[in-house]
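Predicted model only: the values in this text are computed from it and were never measured. Naming: A, B, ... by sequence-line order, numbering from 1 per chain.
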Protein chains: 2
Amino acid sequence: MAYLEPIGSVRRMSTRRTNPDFLNGVPELVVLELLSRRAMYGYEIVQAIQEQSGGVLGFGEGCVYPLLHKLEERGQLASQRVAFGGRSRVVYRVTTPGKSRLAETATEWRRIAASIQGILQGGDHALVPVHERKAG
Amino acid sequence: MAYLEPIGSVRRMSTRRTNPDFLNGVPELVVLELLSRRAMYGYEIVQAIQEQSGGVLGFGEGCVYPLLHKLEERGQLASQRVAFGGRSRVVYRVTTPGKSRLAETATEWRRIAASIQGILQGGDHALVPVHERKAG
DNA sequence: ACCAATACCTATCGGTTTGATGTATTTGGG
DNA sequence: CCCAAATACATCAAACCGATAGGTATTGGT
């Protein structure tokens, strides 16, 4: 059906983001956090993450959209289709369970980040050999 | 409790760790950091991660051993089999390329962690990146 | 008409971590 | 002495996640 032209291959700006690892679970946390401030639509979130992170984070649409769907399935987000200039956007907001989830994951993140930070700054002090024999 | 257990099925304490996500790439960073202080063997590293993180991190052997092999393949670690009381341990140390790698990933981690921290504390006042500082 | 940006979506690939299991040796308790 | 637990190495399947590349449609600028 397609014409012989690469009509589908819309050589676009590329949604690539080249994130540097360390990111498991972070998209969820960030999306919940951003949406907890105000309702947003998917495309907007993708850009907001880039901007608010100063370009450090850049989760593509292929990461964000499936995540939004998943969070909605879980009942942590709710969506609403909103007409906007003859066009429609799917606007998401955080539900009450979603707020709980955000609180949990944010706390968890701080714990873990602090722990890693501690190890990275551990330097030569706090150098305890692992010869602690189980005393019990 | 049948005593006729197959000899191989050693019902052990289970190496499960139940880490809470947020961890992609972190094992590598932590292993390089710990080894940069002093040479260690695998089993020791697994325990050191738990202890030095105050129990927050707990990467199992199934995570650490393959990681050690991978890092060695990359030339970022070097290993040496060391006899120890009729037993042998594989002791790892960080190579020069490994130290570079550690420096890179540690810097990267700080960038990302700071960014996420910023978003989590962002509230409504938009934080503007302050990387305009430049010597010269 | 064309192209870029906007706006939604899905599918697939690859890497990582989890959790289980295998194997062998040493140590400690009864 | 025997057994269980701890030590110490290793590998593997499944699951999960994010990166990347597609796919479709609308709008606005030139």
Worksheet item: Is Arg93(B) paired with Glu72(B) through a side-chain N to carboxylate O contact shorter than 4.0 Å?
Response: no

Worksheet entry | Atom-to-atom span, CG of Leu68(B) to P of dT11(D) - whole angstrom | 11 Å

Worksheet item: OP1, OP2 of dC9(D) versus side-chain N and O of Tyr43(B): anything below 4.0 Å?
Response: no

Practice prompt. Send over the distance from Glu61(A) CD to dT24(D) P, rounded to a whole Å.
Written response: 16 Å

Worksheet item: In chain order, what residues pass the side-chain contact (heavy atoms from CB on, under 4.5 Å) check against Ala103(B), with sequence neighbours excluded?
Response: none

Worksheet item: With the threshold set at 4.0 Å, does a side-chain nitrogen-carboxylate oxygen contact exist between Glu108(A) and Arg111(A)?
Response: yes

Worksheet item: Would you say Tyr65(A) reaches dC8(C)'s phosphate, i.e. side-chain N/O to OP1/OP2 under 4.0 Å?
Response: yes

Practice prompt. Starting at atom CG of Leu29(A), determine the distance to atom C1' of dC17(D), rounded to an integer number of angstrom.
Written response: 15 Å

Worksheet item: Which of these passes side chain to side chain contact (heavy atoms under 4.5 Å, CB included) with Ile119(A): Leu34(B), Leu29(B), Val56(B)?
Response: Leu34(B)

Worksheet item: Hey, what bend do you get for the helix from dA1(C)-dT30(D) to dG30(C)-dC1(D) if you fit axes on five pairs at each end, rounded to 10°?
Response: 10°

Response to the item:
Rounded to whole Å, the CZ-P distance (Phe59(B) to dT16(C)) equals 13 Å

Worksheet item: Out of dT6(C), dT16(C), dC9(C), which has the shortest distance to the side chain of Asn24(B)?
Response: dT16(C)

Item to complete: Round to the nearest Å and state the distance from Leu67(B) atom CG to dT16(C) atom P.
Response: 9 Å

Worksheet entry | Lys70(B) side chain near dT16(C) phosphate (N/O to OP1/OP2, under 4.0 Å) | yes

Worksheet entry | Of Glu28(B) and Tyr92(A), the one whose closest DNA chain C nucleotide lies more 5' | Tyr92(A)

Discussion item. I'd like to know if Lys99(A) pairs up with Glu104(A) as an ion pair, taking the criterion as any Lys NZ or Arg NE/NH1/NH2 lying under 4.0 Å from an Asp or Glu carboxylate oxygen.
Written reply: no

Worksheet item: Does a side-chain N or O from Tyr41(B) land closer than 4.0 Å to OP1 or OP2 of dC9(D), or not?
Response: no

Fill in: Residue pair Leu67(A) / Glu28(A), side-chain heavy-atom distance below 4.5 Å
yes

Worksheet item: Closest nucleotide of DNA chain C for Pro66(A) versus for Phe84(A): which of these residues is on the 5' side?
Response: Phe84(A)

Fill in: Whole-Å gap separating P (dA6(D)) and CD (Glu44(B))
18 Å

Worksheet item: Within this structure, what is the CD-to-C1' distance between Gln50(B) and dT18(C), rounded to whole angstrom?
Response: 14 Å

Discussion item. Quick check on side chain to side chain contact (heavy atoms under 4.5 Å, CB included): which of Leu102(B), Leu71(B), Leu77(B) does Val94(B) satisfy it with?
Written reply: Leu77(B)

Worksheet item: Please give, in whole Å, the distance from dC16(D) P to Glu73(A) CD?
Response: 13 Å

Practice prompt. Starting from the 5' end of DNA chain D, give me the residue, Cys63(A) or His69(B), whose nearest nucleotide shows up first.
Written response: His69(B)

Worksheet entry | Heavy-atom donor-acceptor pair, Arg87(A) side-chain to dT26(D) base, under 3.5 Å | yes

